[in-house]
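Structure, as structure tokens:
Each ligand, and each atom within it, is numbered from 1 in the order the structure gives.
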Amino acid sequence: MTAVDDRPLPEIGSPRKRKEDRRLLTGRTRWTDNIQLPGMLHLAMVRSPFAHARITAIDTSDATSAAGVVVVFTGKDLQDSQGVNINAWPITADQVTPTHLPVVVDHVACAGEIVAVVVARTASAARDAAEKVDVDYDELPAVLDLKEAAADTVLAHPDLGTNKSAFWKLDSAEAGTGGDVDEAIARARVDGIVIEREYRQQRLVPSFMEPRSTVVDPTSEQMTVWSATQVPHILRFAIAATMGIPESKVRVIAPDVGGGFGGKLQTTPEEFATIAVARMLGKPCKFTETRSESMISAHHGRDQWQKLTLAAEKDGTVTGFKVELLADLGAYVALVGGGVPVLGAWMFNSIYKFPAYQFTCQTVLTNKTWVDAYRGAGRPEATFAIERIMDELAAEVGVDPLAIREKNWIRHDEFPFTTVAGMTYDSGNYEAATAKAVELFGYDELRAEQQRRRESNDPVQLGIGVSTFTEMCGLAPSRVLGSLSYGAGGWENASIRMLATGTVEVVTGTSPHGQGHETAWSQIVADRLGVPFESVEVLHGDTQIAPKGLDTYGSRSLVVGGEALVLAADKVIEKAKVFAAHLLEASADDLEFSGGRFAVKGTDKGIGITDIALATFAAHNLPDGAEPSIDADATYDPVSFSFPHGTHLCAMEVDTETGATTMRKYVCVDDIGTIINPLIVEGQVHGGLVQGIAQALWEGAEYDDQGTLVTGSFVDYTLPTAADTISFVTGHTTSLSTTNTLGTKGVGEAGTIASTPAVVNAIVDAVRHLGVDDVQMPCTPERVWKAIQTAGAHSGDVTGAAQPHFAGGTPNQDPSAGATDGAAQ
Ligand code: MCN
């Protein structure tokens, strides 16, 4: 990549340490909960212990008279002022969407719902008094199991008459993007292979570091809301749309936010309740949740049943893939909750050339915490399903899992490629990424070790898990989102202010919460404008400072927000060129811009862009009628998504006597186009990997028969720590994206998307010869042990272990075409 001229880019690709780390690591920042305002009151939420109930009475008298308490509000008290939690993505016109009040009035649809709000002078007084609120409930039967919910025998919301919220379908024959899947399956039943499987995506809790917190100051004409959110702009919109406050009278600030992972891509009951109370009392108010509250009342992720039917020829060439999803919404349809499973519709075919495809999704309401985006949102589920079933196909055909993938994947010379789901992938090179992963992994050596262990009947068997993936990230494009009835666009905005003293102030509509945008955006601008990295300052997360923006999620910030920045920088250069020509007394056509300087071609006359900024500030000598500014603003809406891809390989040891699993080696090779900051990317990949591996091995939100979340703390919800993981080996290949000028593809979710199936495939591979063909996630030792016992099979069958694996890297395809090595460590 080069900038506007052929000057090499010193910043893009440089492993800069994050600018933001100094204040974050030394504690010199202000989290929402640190905010103290004069006269501020504190809220505590009284939450329902029951999953499904009617409220028959609430006695607030003891709580109201408790020390330090100012007032206690019930849902009835807040009825006219609290707004409503919105669903921004009704996936069908007839979607059944229960009304989601922040503080319920008489019906509780899941444990943890807010039934009253205690307001006190201190947070501890509010919490103590919350225990004194006496609520009478009539318990109702709760529907907790997804399949039972689909049967409609017990209703999560009796007044709705059904638990079924929406049915959504994508069929390649109907869409004209492929053949008829049922015909393909029928053909395969006669003279091919049909694999039928059902996989469970368990519930997960997006465990961000900083619990959610909101401070509201209603004391001036413009209300200020600080919130630990990923989406300050969406929150401002939701407040305006549902609470009747004009957007101009609301300022939302997301200060430094301690992670989100999709869990803070939400407008929450707690935010609305805090705003309503603050406005009613005319006093600043704060609410910060405890970790236990967070686990039960911040939205959960995943929770699906996936019924899959794969049709193939006897040699393993896939002829059709049918996906039937049952997706749990929980008690309400959250902000984008209905759309998350549907996002997978374009990804179940992944990197493959399937001729026929059908995806259907039934979303269902239950009496559990609502479900919404969690890192990857729709794409990890899809990748898991296809990568697990491709392994089953490989086992059935009797070839190595890599060979079955190679037989079916899109070759690098076939891009751009329109898939059977109707998505056009702009670029990619699956051969290159896989060849590199195979090399870094030492695939053949590990397969040989696996063979030895099987032959010697070693109680500790070795399994090798393969997972290839692609994903659609960079949400945008607005037109596509509109066609899916998404309630907003997907563009992003950036502006650049060239200050008189040489500082370049960048305002971005993205809202980072751990991704390092201040650093990466500085690198982009430094290269584009030829200014020092240190002189770029990035502002974000405040709707007053950055009024236009659509925030951070869906690995969209670089490919959409970063590109907006490039467009704004190019506008700055164009504007500055006019002034440069005037000041240098030259024709604009004779100027060239390089290294932050305009020079008259063939002379040593020139002027720096920061000098032009100063000249426009002074405005003493500008062309007649010129606007004295080179500042610029740009909004970018891409024509398509970006499609990162990669190959992950995982080696797991499985103790067949205890079911214990140990990770031996993990290699991932990602193709994310141009890398802006390799250090940030490394961090993103590592974090993503741990989250995906955690779904495979440890995490799962479990409810008891009463609808109580029994994994409601970190004692029971087994979030991994660094000590639970190994050192990952990462590498990169590069095929440039053609949907943005930087050639980049997103990386924020990539690690999570591919790693879950890699681990489960490795575990199953270790014990497949014992008759095991699935272990439900999380693959705890107990589950692995039971799977081995249930299979009860003989040992010594080494089917599939010694097959030739992969022709990529051999002359029939050129895996290095279009590829460059990345930083393998
Ligand atoms: N990057 C890069 N080169 C690339 C791609 C990305 O240098 N080719 C850099 C970007 O400049 C940016 C970072 O990597 O600094 C992530 O970029 P991107 O892929 O655009 O993702 P977003 O910034 O939009 O972040 C969202 C993504 C999502 S969806 C989840 S979930 C997630 C994630 O980011 N949650 C996170 N990473 C997280 N990291 C932290 N620390 N905390 C979270 O909550």
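Contacts of Ile672 with ligand 1, taken as heavy-atom pairs under 4.0 Å, involve both backbone and side chain.
For ligand 1, the polar-atom distance check against Trp521 finds no nitrogen or oxygen pair separated by under 3.5 Å. Every N/O-N/O distance between Val681 and ligand 1 stays at or above 3.5 Å. Here's the thing with Val747: one of its N/O atoms is less than 3.5 angstrom from an N/O atom of ligand 1.
In this structure, the side chains of Pro269 and Trp370 come closer than 4.5 Å at one or more pairs of heavy atoms. In this structure, His732 and Ile675 have side chains that are in contact, with non-hydrogen atoms separated by less than 4.5 Å. The shortest side-chain heavy-atom distance between Thr510 and Gln515 does not fall under the 4.5 Å cut-off. Using a 4.5 Å heavy-atom threshold, the side chains of Val560 and Trp491 count as separate. Side-chain atoms of Gln202 and Pro778, non-hydrogen and from C-beta on, do get closer than 4.5 Å to each other.
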- Quick one: do Thr730 and Glu682 satisfy side chain to side chain donor-acceptor pair (under 3.5 Å)? Show the steps, please. CA-CA 8 Å; Thr730 62; Glu682 195 76 353; 2.9 Å; yes
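Of all protein heavy atoms, the one lying nearest to atom 22 (P) of ligand 1 is Ser557 OG, 3.5 Å.
If you check each of Glu682, Arg16, Gln515 against atom 26 (C) of ligand 1, the one with the closest non-hydrogen atom is Gln515.
Atoms of ligand 1 found under 4.0 Å from any heavy atom of His513 (numbered from 1 in listed order, with element): 42 (N), 43 (C), 44 (O). Close contacts between ligand 1 and Thr552 involve ligand atoms 22 (P), 24 (O), 25 (O), 26 (C) [criterion: under 4.0 Å to a heavy atom]. Set against the non-hydrogen atoms of Gly554, the atoms of ligand 1 under 4.0 Å away are 29 (S). Atoms of ligand 1 lying under 4.0 Å from any heavy atom of Glu749, numbered from 1 in the order shown and given with element: 28 (C), 29 (S). Atom numbering of ligand 1 starts at 1 in the shown order; those under 4.0 Å from a heavy atom of Ile680 are 9 (C), 13 (C), 14 (O), 15 (O). The ligand atoms of ligand 1 that sit less than 4.0 angstrom from a heavy atom of Gly746 are 19 (O). Annotation for ligand 1: atoms under 4.0 Å from non-hydrogen atoms of Gly514 are 40 (C), 41 (N). Within ligand 1, the atoms closer than 4.0 Å to a non-hydrogen atom of Thr674 are 3 (N), 4 (C), 8 (N), numbered from 1 in the order shown.
Taken from OG in Ser557 to CH2 in Trp521, the straight-line distance is 5.0 Å, to the nearest 0.5 Å.
Considering all non-hydrogen atoms of both residues, Ser427 and Leu736 come closest at OG-O, 2.9 Å.
Under the 4.0 angstrom criterion for non-hydrogen atoms, Gly260 is in contact with ligand 1.
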